[in-house]
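What follows is a short report on a single structure.
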Amino acid sequence: MDPNRRQGGIQQLLAAEQEAQQIVNAARNAKLARLKQAKEEADKEIAEYRAHMEAEFQKKVAESSGDSGANVKRLEQETEAKIQHLKSQVESISCDVVQMLLRHVTTVKN
């Protein structure tokens with residue numbers, strides 16, 4: 001073989017290798033850029049989701065704390081109604097209870 005031709009073939013191989021290396025580097029850089037972009041998009045989605053969940057949580061906290069005053073008032077009303085019911089029952093059976101106690105206390109058994 002002619003030394004010049006061999007030298008030309010080697011130069012061609014080196015050029016092809018450099019071109020292949022550039023293609024690989026370009027692909028690697030594109031992959032890294034896409035990974036960086038995907039990470040940024042994921043971080044953005046996470047931040048939006050976190051903000052949404054925090055807003056829902058704060059809304060529920062506000063609703064439950066706002067209702068606590070209404071709940072207290074409702075419980076006070078229910079308690080007062082039960083107290084009045086018990087008082088009316090006491091009034092209706094107090095005479096019978098007094099009579100029963102007097103009968104048992106004054107009855108003498110042999």
Side-chain angles (χ1 to χ4, degrees):
M1 283 201 118
D2 186 17
N4 287 335
R5 186 174 172 160
R6 193 177 332 158
Q7 188 67 21
I10 292 174
Q11 291 299 326
Q12 241 183 344
L13 285 174
L14 289 174
E17 184 180 353
Q18 286 178 347
E19 184 181 346
Q21 189 64 40
Q22 289 174 351
I23 292 171
V24 168
N25 287 338
R28 184 176 295 132
N29 290 337
K31 179 182 175 184
L32 290 175
R34 178 61 187 131
L35 286 172
K36 183 178 179 182
Q37 180 186 6
K39 183 182 183 313
E40 290 171 356
E41 289 173 4
D43 288 342
K44 181 180 174 185
E45 285 183 33
I46 289 169
E48 288 173 359
Y49 180 75
R50 181 173 286 137
H52 174 72
M53 294 306 289
E54 181 66 25
E56 280 188 26
F57 174 73
Q58 293 300 331
K59 181 180 175 184
K60 288 185 180 187
V61 166
E63 288 174 357
S64 66
S65 66
D67 288 344
S68 67
N71 286 337
V72 168
K73 189 171 184 175
R74 181 184 54 82
L75 287 174
E76 287 175 350
Q77 290 172 345
E78 288 176 5
T79 303
E80 187 60 35
K82 288 179 182 179
I83 289 171
Q84 292 303 324
H85 178 71
L86 289 173
K87 283 182 180 180
S88 67
Q89 283 184 332
V90 166
E91 287 178 17
S92 68
I93 64 170
S94 65
C95 290
D96 294 336
V97 171
V98 169
Q99 290 299 324
M100 183 181 69
L101 285 173
L102 284 174
R103 191 178 62 231
H104 285 305
V105 169
T106 58
T107 303
V108 180
K109 291 186 178 180
N110 286 334

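These numbers come from the heavy atoms of this one structure, side chains and all, not from hydrogens, waters or symmetry mates.
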Practice prompt. Kindly indicate, with the supporting measurements, whether the criterion side chain to side chain contact (heavy atoms under 4.5 Å, CB included) is fulfilled by Asp43 and Lys39.
Written response: CA-CA 6 Å; Asp43 288 342; Lys39 183 182 183 313; 3.1 Å; yes

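Interatomic distance, Leu35 CG to Glu40 CD, rounded to the nearest 0.5 Å: 11.5 Å. With values rounded to the nearest 0.5 angstrom, Thr106 atom OG1 is found 8.5 Å from Arg103 atom CZ. Of the inter-residue distances, the one linking Gln99 atom CD with Ser94 atom OG reads 10.5 Å to the nearest 0.5 angstrom. Note that CG of Asn29 and NZ of Lys31 are 12.0 Å apart. Values are rounded to the nearest 0.5 Å.
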Side chains of residues 15-24: which donor-acceptor partners sit under 3.5 Å, not counting sequence neighbours?
unit_1: Gln21; atom_1: NE2; unit_2: Asn25; atom_2: OD1; d: 3.3

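Under the side-chain contact (heavy atoms from CB on, under 4.5 Å) criterion, Glu41 pairs with Arg34, Gln37, not counting sequence neighbours. Legend: residues meeting side-chain contact (heavy atoms from CB on, under 4.5 Å) with Arg50, ordered by chain and number and at least two apart, are Ile46. The side-chain contact (heavy atoms from CB on, under 4.5 Å) check on Glu48 picks up Lys44, with sequence neighbours excluded. For Gln77, the side-chain contact (heavy atoms from CB on, under 4.5 Å) criterion is met by Lys73, not counting sequence neighbours.
Applying the salt bridge (charged side-chain N to carboxylate O under 4.0 Å, His left out) test to every pair with at least one member in residues 75-86, sequence neighbours left out, gives these pairs: Arg74-Glu78.
Around the CD atom of Gln12, the shell of radius 6.0 Å holds no more than 12 heavy atoms that belong to other residues, nucleotides or ligands.
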